[in-house]
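One structure is given below, encoded as structure tokens.
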There are 2 protein chains.
Amino acid sequence: MNSESSTSGVSLDWVDGETKVEEAPHDHGDETRLWLRLLTCTTLVETEVRRRLREEFDFTLPRFDLLAQLERAEDGMVLGEVSKRMMVSPGNLTALVERLVESGYVSRTVSPKDRRVQIIALTEAGRAAFRNMADRHGEWIGDMFKQLSARDGAALMKELGKLKNSIRATLSNPQ
Amino acid sequence: MNSESSTSGVSLDWVDGETKVEEAPHDHGDETRLWLRLLTCTTLVETEVRRRLREEFDFTLPRFDLLAQLERAEDGMVLGEVSKRMMVSPGNLTALVERLVESGYVSRTVSPKDRRVQIIALTEAGRAAFRNMADRHGEWIGDMFKQLSARDGAALMKELGKLKNSIRATLSNPQ
DNA sequence: TGGAATTAGTTCATCCTTAAAATGATATTT
DNA sequence: AAATATCATTTTAAGGATGAACTAATTCCA
């Protein structure tokens with residue numbers, strides 16, 4: 001029904017890990033199924049975006065995400081701030097930024113006020129490249145989401161907002 | 001308001017990359033915002049699950065996911081099938097399975113009918129360890145989702161179902 | 001049968017990612 | 001001012017992930 005198999009495997013013939021993982025005493029089966037469905041949706045979109053970024057622009061998603069963060073910080077951003085916004089470890093950024101500096105999309109300046117601090121910013125080339133990719137990115141997402149009515153989209157947005165609050169509540173107040 | 005800063009950075013003080021990435025001619029801004037919110041929720045949960053798996057069981061999420069797939073295949077599973085269900089490349093599994101075989105949680109048998117094929121299965125130790133972790137996993141998810149009413153959960157499940165269909169439609173019929 | 005295509009997995013090079021430890025700079029005490 | 005704490009970033013070691021190239025086994029079919 002649904003196959004494709006490229007030389008290097010993977011592709012469209014995935015199957016969904018989405019089924020119950022457990023059925024324990026106090027259950028939580030519903031939440032777990034919901035979580036798995038959430039994860040499935042995210043993985044499907046994310047994988048496709050990665051694939052297209054590579055194919056069309058020979059670019060990676062982490063690099064794209066980094067440019068996206070910088071794009072709305074006209075005067076650049078402190079590295080630590082980027083780390084928080086991207087939800088990745090600071091150590092991760094070191095190499096990522098390095099590569100983007102090398103390719104000329106990003107500039108890196110040591111703050112004159114505090115020599116520990118770095119300010120990262122988009123170069124003109126980076127800004128142009130990003131805008132280009134972001135346009136396509138928007139189209140891809142629009143395409144993948146297109147069967148969802150405006151109504152459903154709004155509902156989903158709202159429900160996800162509630163979920164996000166629920167998660168954050170637990171995270172900031174463990175146990 | 002919300003900080004914690006361990007030696008190695010990251011933790012609770014994330015900020016959400018969730019804001020518009022672009023505002024292009026044909027827009028897609030709503031879909032993109034929805035996508036970013038979806039991604040944020042997934043990342044929050046996933047990161048927390050990783051953290052707790054490591055802390056409580058010194059285990060990784062990919063390994064846990066692999067055990068989860070095998071758990072509901074009494075007689076084991078062909079490696080390629082695992083790859084499809086987990087939505088990861090086959091090459092990825094080679095090392096993952098190797099490590100789980102070493103730790104005694106998984107057995108690997110070459111099929112007698114077709115010597116290209118491998119059958120992977122949980123060992124008794126693997127089954128026990130998995131059940132243990134899966135119980136806790138369910139609790140964590142239940143905890144993070146607990147502020148979502150049953151009604152909201154059901155609604156979210158349904159909306160995500162629609163989204164999943166939309167995505168799959170695009171993937172199996174690109175352009 | 002015997003060659004070509006297909007299929008299942010592995011290997012390789014490259015990148016991403018993290019936690020933890022280390023480095024180096026600024027702030028805070030005493 | 002010296003000692004100490006805190007803070008921003010880098011380094012390191014280890015695991016995950018991918019696409020592409022490769023190996024080996026099976027199937028297809030002329």
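Heavy atoms only: backbone and side chains are in, while hydrogens, waters and symmetry mates are out. Source: prediction; values computed, not measured.
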Check: Expressed in angstrom and rounded to an integer, what is the separation of B:Arg54 atom CZ from C:dT18 atom P?
Finding: 11 Å
Notebook entry, point to check: For the rings on B:Phe64 and B:Phe130, is their centre-to-centre separation under 6.0 Å?
Noted result: yes
Check: Hey, which of these two, B:Asn92 or A:Asp114, hits DNA chain C nearer its 5' end, going by closest nucleotide?
Finding: B:Asn92
Check: Are the charged groups of B:Arg52 and B:Glu55 less than 4.0 angstrom apart, N to O?
Finding: no
Note to self: As a test of reading the structure: which of D:dA17, C:dG9, D:dT9 is closest to the side chain of B:Leu79, going by heavy atoms?
What the structure shows: C:dG9
Notebook entry, point to check: Looking at the side chain of A:Pro62, which of C:dG9, C:dC16, D:dA8 is the nearest nucleotide?
Noted result: C:dC16
Check: What are the two closest heavy atoms between B:Glu31 and A:Phe145, and how far apart are they?
Finding: CG-CB, 3.8 Å
Margin query: Under 4.0 Å, heavy atoms only, any strand: does B:Gly91 hit a base, just the sugar-phosphate, or nothing?
Written below: base
Notebook entry, point to check: Taking the side chain of B:Arg115 as its heavy atoms from C-beta onward, which of C:dC15, D:dA25, D:dT10 lies nearest to it?
Noted result: D:dA25
Check: Between C:dT17, D:dT18, D:dA25, which nucleotide gets closest to the side-chain atoms of B:Ser89?
Finding: D:dT18
Checklist line | Nearest-nucleotide pick for B:Arg99, side chain only, options being D:dG16, C:dT10, D:dA24 | finding: D:dG16
Next item on the list: Rounded to the nearest angstrom, tell me the gap between atom CZ in B:Phe59 and atom C1' in C:dA19.
Entry: 18 Å
Note to self: Whole angstroms only, please: what is the CE-C1' distance between B:Met87 and D:dG19?
What the structure shows: 19 Å
Item checked: Nearest-neighbour nucleotide for the A:Thr94 side chain, D:dT11, C:dT26, C:dT10 considered -> D:dT11
Next item on the list: Would you name the heavy atoms of A:Ala169 and B:Gln147 that are closest together and state the gap between them?
Entry: CB-NE2, 3.1 Å
Next item on the list: Take atom CG of B:Leu93 and atom C1' of D:dT18, then tell me their distance rounded to the nearest Å.
Entry: 12 Å
Next item on the list: Consider the side chain of B:Gln118, meaning its heavy atoms from C-beta on, and name the nucleotide among D:dT26, D:dT10, C:dG9 that approaches it most closely.
Entry: C:dG9
Checklist line | A:Leu96, nearest nucleotide to its side chain (from C:dG9, C:dC16, D:dT26) | finding: C:dC16
Notebook entry, point to check: Over how many whole Å does the gap from A:Asp58 atom CG to D:dA20 atom P extend?
Noted result: 11 Å
Next item on the list: Would you state whether a donor and an acceptor, one from the side chain of B:Arg116 and one from the base of C:dT7, lie under 3.5 Å apart?
Entry: yes
